[in-house]
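Here's the structure we're looking at; comments come further down.
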Number of protein chains: 2
Amino acid sequence: MNEKEQLEAARDRVIENIAKNMHLYGISDSIGRMYGMLYFKNQPMTLDEMKEELGMSKTSMSTSVRTLMDLKMVEKVWRKGERKDLYKAEEDWHQTFVDQFTIRWRPSISMNKAAMEKSKKELQNMIINENTPEEIKKQALDDIQKLTNALDYYDWLNRLVTFFETGEIFEYIKKENQTKE
Amino acid sequence: MNEKEQLEAARDRVIENIAKNMHLYGISDSIGRMYGMLYFKNQPMTLDEMKEELGMSKTSMSTSVRTLMDLKMVEKVWRKGERKDLYKAEEDWHQTFVDQFTIRWRPSISMNKAAMEKSKKELQNMIINENTPEEIKKQALDDIQKLTNALDYYDWLNRLVTFFETGEIFEYIKKENQTKE
DNA sequence: CTGTTTATACAGTTTTTTCTGTACAAAGTT
DNA sequence: AACTTTGTACAGAAAAAACTGTATAAACAG
């Protein structure tokens, strides 16, 4: 194995690991591999270059890169005199982590909250309504308690996401590990 | 629609929403639906009862419940004189959130770290080696810088997971929202 | 011990997701 | 204008994941 191969082997090991663990970010191995490759390139890449390097179709490159852009893991780059679109990886993984949270969790939180608030209101009306049988009321009360707990959690989760989003988290968990020195 | 149906509709709306958003925890709709159902039941359930309620095979119930147990979202419950296994949902979602992090992220972090450290070491050896061509050395140095940044991130991430795991997070993001009162 | 009940391993089927090739629209070039 | 290049929509193929039924092992009852 010559030096160039050694270099590539070291790189590929890391890329493969990134790819395998990307499911935590809710993306497939292939897309993770694309990200890993871009991370190690010093130059932004075109779809055709990626197609070449990953041995996949251009269509796949197009959809994969879009997914990564939606997650703010990749950005489009402009270069004078270049007709093709160029893409580069976001390098700051702390930022990527925080963005993930904001992009993926916020919408889910508000969806769930809305559904729970609606159901909670309906159940409260059933409690008020005198025609509701006693047995049903008991169950409704029970469900209301569960929904109240769940809503408290979503409230907490929202505050947590804000804690990340604003970067406040970095005041408590420092980017540079002080304890090392 | 009578009262019982109203109650069920309110419940099902929430369960369906939980199911749809469970992909954030890396689990499928069906498994999410099982969790949602268990969350609203006051009694622990057997596999056969779940099979009945969800209209799925017992095999599915068995594997789904195991997935939820691995994630500490469901626990096995013992009841005197009951031959069948009983399962109940973990009710504290704050705890569930924290567990997710520990269970899913920790192993990935250490896998990635290991791969990166190995590659970093190999690249450093190439730098030292006088036979390595200058051009390769330049690239290796560049990769080492990227790996160093990535390892710093994983170090941060590890400290973050600990911050959750120990419950320290709750000192900063309180479970009860003070600003409400 | 034999017979019964419960949970799960495993193979095969169904469903979903991922990937590709073709077709076409948008933008650039001559 | 006509011709070329680039990115993506869309339909179908390939691969992966989810689900089921049967078979079997483990636990229990008599």
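All figures in this text were calculated on a predicted structure; none of them were measured in a lab. Numbers restart at 1 for each chain; the letters A, B, ... are given by sequence-line order, proteins then strands.
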Nucleotide N/O to protein N/O under 3.5 Å, stretch nucleotides 13-19 of chain D:
| from | atom 1 | to | atom 2 | distance (Å) |
| --- | --- | --- | --- | --- |
| dC19(D) | OP1 | S30(B) | OG | 2.3 |

Open item on the list: Could you check whether K137(B) pairs with E3(A) (Lys NZ or Arg NE/NH1/NH2 to Asp/Glu carboxylate O, under 4.0 Å)?
Closed with: no

Open item on the list: Using 0.5 Å steps for rounding, measure from the CD1 atom of I128(A) to the CD atom of Q124(A).
Closed with: 7.0 Å

TODO: For Y35(A) and E90(A), indicate whether the former's side chain and the latter's backbone hold a donor-acceptor pair under 3.5 Å.
DONE: yes

Task: Nucleotide dC19(C), atom P - distance to CE of M50(A) in whole Å - done: 15 Å

Give me the distances for all protein-to-nucleotides 1-8 of chain D N/O pairs that come in under 3.5 Å?
| from | atom 1 | to | atom 2 | distance (Å) |
| --- | --- | --- | --- | --- |
| dT5(D) | O4' | R83(A) | NH2 | 3.3 |
| dG7(D) | OP1 | D85(A) | N | 2.6 |
| dG7(D) | OP2 | K58(A) | NZ | 3.4 |
| dT8(D) | OP2 | S62(A) | OG | 2.6 |

Task: Pairwise side-chain contact, M22(A) with D29(A), heavy-atom cut-off 4.5 Å (strictly under) - done: no

- [ ] May I ask you to check whether over 12 heavy atoms, not counting those of E117(B), lie within 6.0 Å of atom CD?
- [x] yes

- [ ] Using distance alone, with no hydrogens and no angle criterion, decide if N2(B) and Q6(B) have a side-chain donor and acceptor under 3.5 Å apart.
- [x] no

Open item on the list: Nearest whole Å is fine: how far is dA9(C) P from M61(B) CE?
Closed with: 16 Å

Task: Distance under 6.0 Å and angle within 45° of ring axis: K76(B) vs Y87(B) - done: no

Open item on the list: If you define the side chain from C-beta out and look only at heavy atoms, does anything of M45(A) sit under 4.5 Å from E53(A)?
Closed with: yes

Task: Rounded distance in Å - CG (D29(B)) to P (dT15(C)) - done: 16 Å

